[in-house]
Amino acid sequence: MRRERIRRRAVLAVLAAASVGLMAVDAGEEPHPLTSAGRHAAAAAFAPVSEAASVVFRPVTGAAAAIAAAPGAERRIEELERRNSELSAELAARDLDDRRARDLEELLQLSGLGGYEMLPARSVTRVGTGGYADAVTLDVGTRDGVRPNMTVVDGGGLVGRVLRAAERTSTVLLISDGASSVGVRMEDSGQIGVVHGRSHPLDSRAPAELELLRADAKIAEGDRIVTMGSHDGAPFVPGVPVGTVTEVRDTPGALTRTAEVRPMVDLDALDIVGVVLAAPEEDPRDAVLPSEPPPDAGRPPKEEQG
């Protein structure tokens with residue numbers, strides 16, 4: 001037993017001395033051939049064991065890393081999503097502001113050309129109550145000077161007339177509604193007629209109709225019409241663009257002439273509009289009409305029918 005202990009101590013002493021010697025040899029700038037060989041041999045011997053340990057513990061360490069990183073990553077994703085939503089909302093608001101600025105500029109231009117005293121307003125809701133198919137609610141009312149039977153326009157032309165006015169809001173009957181009739185005058189020729197709305201609760205997409213009072217009146221696709229004007233400017237002031245003729249009906253023997261009309265205004269996309277508080281001192285005639293008809297108005301080729 002004593003001999004065994006002495007032999008173990010001797011082996012340990014030899015190994016310790018060899019370790020110190022190898023460390024001293026390997027401490028030089030260039031690797032020693034002896035130590036390099038030893039390291040390569042050890043690596044070859046323990047490589048299978050190391051790889052097996054890596055395979056066993058890799059899922060555990062990966063899961064641990066994922067768990068450690070998950071809370072921060074989730075917070076970061078939430079922050080990015082929130083910021084993305086904020087930026088999208090800012091861009092949408094900016095686009096909306098730009099569009100409203102353009103609408104207001106066009107409205108002011110129409111007001112200047114026609115000599116109308118204008119109150120800007122916003123179309124906030126579209127309503128179809130009270131037996132009317134096409135009506136909108138504005139965010140202005142009697143406290144702002146709005147009264148029934150005032151003309152309502154936007155930058156493109158006629159929208160309708162004020163039907164009712166409360167203190168803070170008002171209801172506007174659109175020119176497309178079946179209950180609407182507008183006295184009009186043809187551009188250039190001055191022929192007089194009436195534009196009737198044709199939308200009803202069961203048929204809200206029907207176009208407006210022009211009825212000229214003379215059966216032999218000259219009319220063609222692409223002709224434009226403006227408001228004739230009412231007594232004291234109520235419900236319609238003169239000279240406001242109303243629409244463009246899109247189709248002339250052939251009605252032999254009829255006492256009047258009729259045609260389909262496309263409104264100048266996109267009545268399905270109203271936003272900034274103007275309530276005309278006072279009629280102009282003089283009839284602007286055709287001065288408010290655009291200098292050129294819309295490119296899709298169907299004017300060329302223009303063949304008069306009569």
Side-chain angles (χ1 to χ4, degrees), residues 126-128 130-136 149 151-154 156-163 171-230 234-270 273 285-286 288-290 293-306:
R126 184 144 187 165
V127 296
Y132 300 104
D134 283 349
V136 296
N149 286 328
T151 307
V152 180
V153 302
D154 80 350
L158 185 64
V159 171
R161 63 180 175 88
V162 176
L163 191 65
T171 301
V172 175
L173 183 69
L174 304 184
I175 61 172
S176 56
D177 191 274
S180 173
S181 294
V182 184
V184 297
R185 177 178 48 78
M186 301 293 300
E187 178 185 12
D188 296 331
S189 70
Q191 294 286 343
I192 294 175
V194 180
V195 168
H196 302 284
R198 296 182 60 195
S199 293
H200 299 276
L202 297 179
D203 183 16
S204 61
R205 304 298 299 179
E209 179 183 67
L210 168 64
E211 182 181 12
L212 292 176
L213 302 184
R214 288 182 52 183
D216 59 347
K218 302 296 184 181
I219 184 173
E221 292 182 9
D223 282 346
R224 300 182 295 178
I225 53 181
V226 299
T227 54
M228 183 174 60
S230 309
F236 300 107
V237 296
V240 179
V242 176
T244 303
V245 174
T246 58
E247 180 184 348
V248 180
R249 295 177 183 162
D250 187 12
T251 54
L255 299 178
T256 59
R257 299 217 66 186
T258 58
E260 300 285 348
V261 172
R262 182 184 65 249
M264 290 286 189
V265 174
D266 185 355
L267 298 173
D268 292 326
L270 294 174
V273 299
R285 305 292 294 178
D286 300 335
V288 185
L289 283 168
D296 60 342
R299 181 178 291 274
K302 181 176 179 179
E303 298 179 0
E304 289 190 349
Q305 302 180 30

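Residue I225 holds its CD1 atom at 13.0 Å from CD1 of I192, rounded to the nearest 0.5 Å. Between D188 atom CG and R285 atom CZ the span is 10.0 Å, to the nearest 0.5 Å. Of the inter-residue distances, the one linking E260 atom CD with R249 atom CZ reads 4.0 Å to the nearest 0.5 angstrom. Annotation: the span from L270 atom CG to L174 atom CG amounts to 6.5 Å, rounded to 0.5 Å. E209 contributes atom CD, which lies 5.5 Å from atom OG1 of T258 (distance to the nearest 0.5 angstrom). Note that CG of D286 is 10.5 Å distant from CE of M186, once rounded to the nearest 0.5 Å.
Not counting sequence neighbours, Q191 has no partner by the side chain to side chain donor-acceptor pair (under 3.5 Å) test. Legend: residues meeting side chain to side chain donor-acceptor pair (under 3.5 Å) with R214, ordered by chain and number and at least two apart, are D216. In this structure T256 satisfies the side chain to side chain donor-acceptor pair (under 3.5 Å) test together with E211, sequence neighbours excluded.
The nearest pair of heavy atoms linking P238 to M228 is CB-O, 3.6 Å. When every heavy atom of L267 is checked against every heavy atom of S176, the shortest pair comes out as CD1-OG, 3.5 Å. The heavy-atom pair separating I175 from S180 by the smallest distance is CA-OG, 3.5 Å. The minimum heavy-atom distance between A259 and I219, with the atom names listed, is CB-CD1, 3.9 Å. Considering every non-hydrogen atom in both V159 and D154, the closest pair reads CG2-N, 3.6 Å. The two residues R161 and P235 come nearest to each other via the heavy atoms CD-CB, 3.7 Å.
By the 4.5 Å heavy-atom criterion applied to side chains, V288 and V240 are not counted as neighbours. The side-chain heavy atoms of R257 and V248, taken from C-beta on, include a pair separated by under 4.5 Å. Put simply, the side chain of L289 reaches to within 4.5 Å of the side chain of M264, judged on heavy atoms.
Side-chain atoms of T227 come within 3.5 Å of backbone atoms of V237 as a donor-acceptor pair (strictly under, hydrogens ignored).
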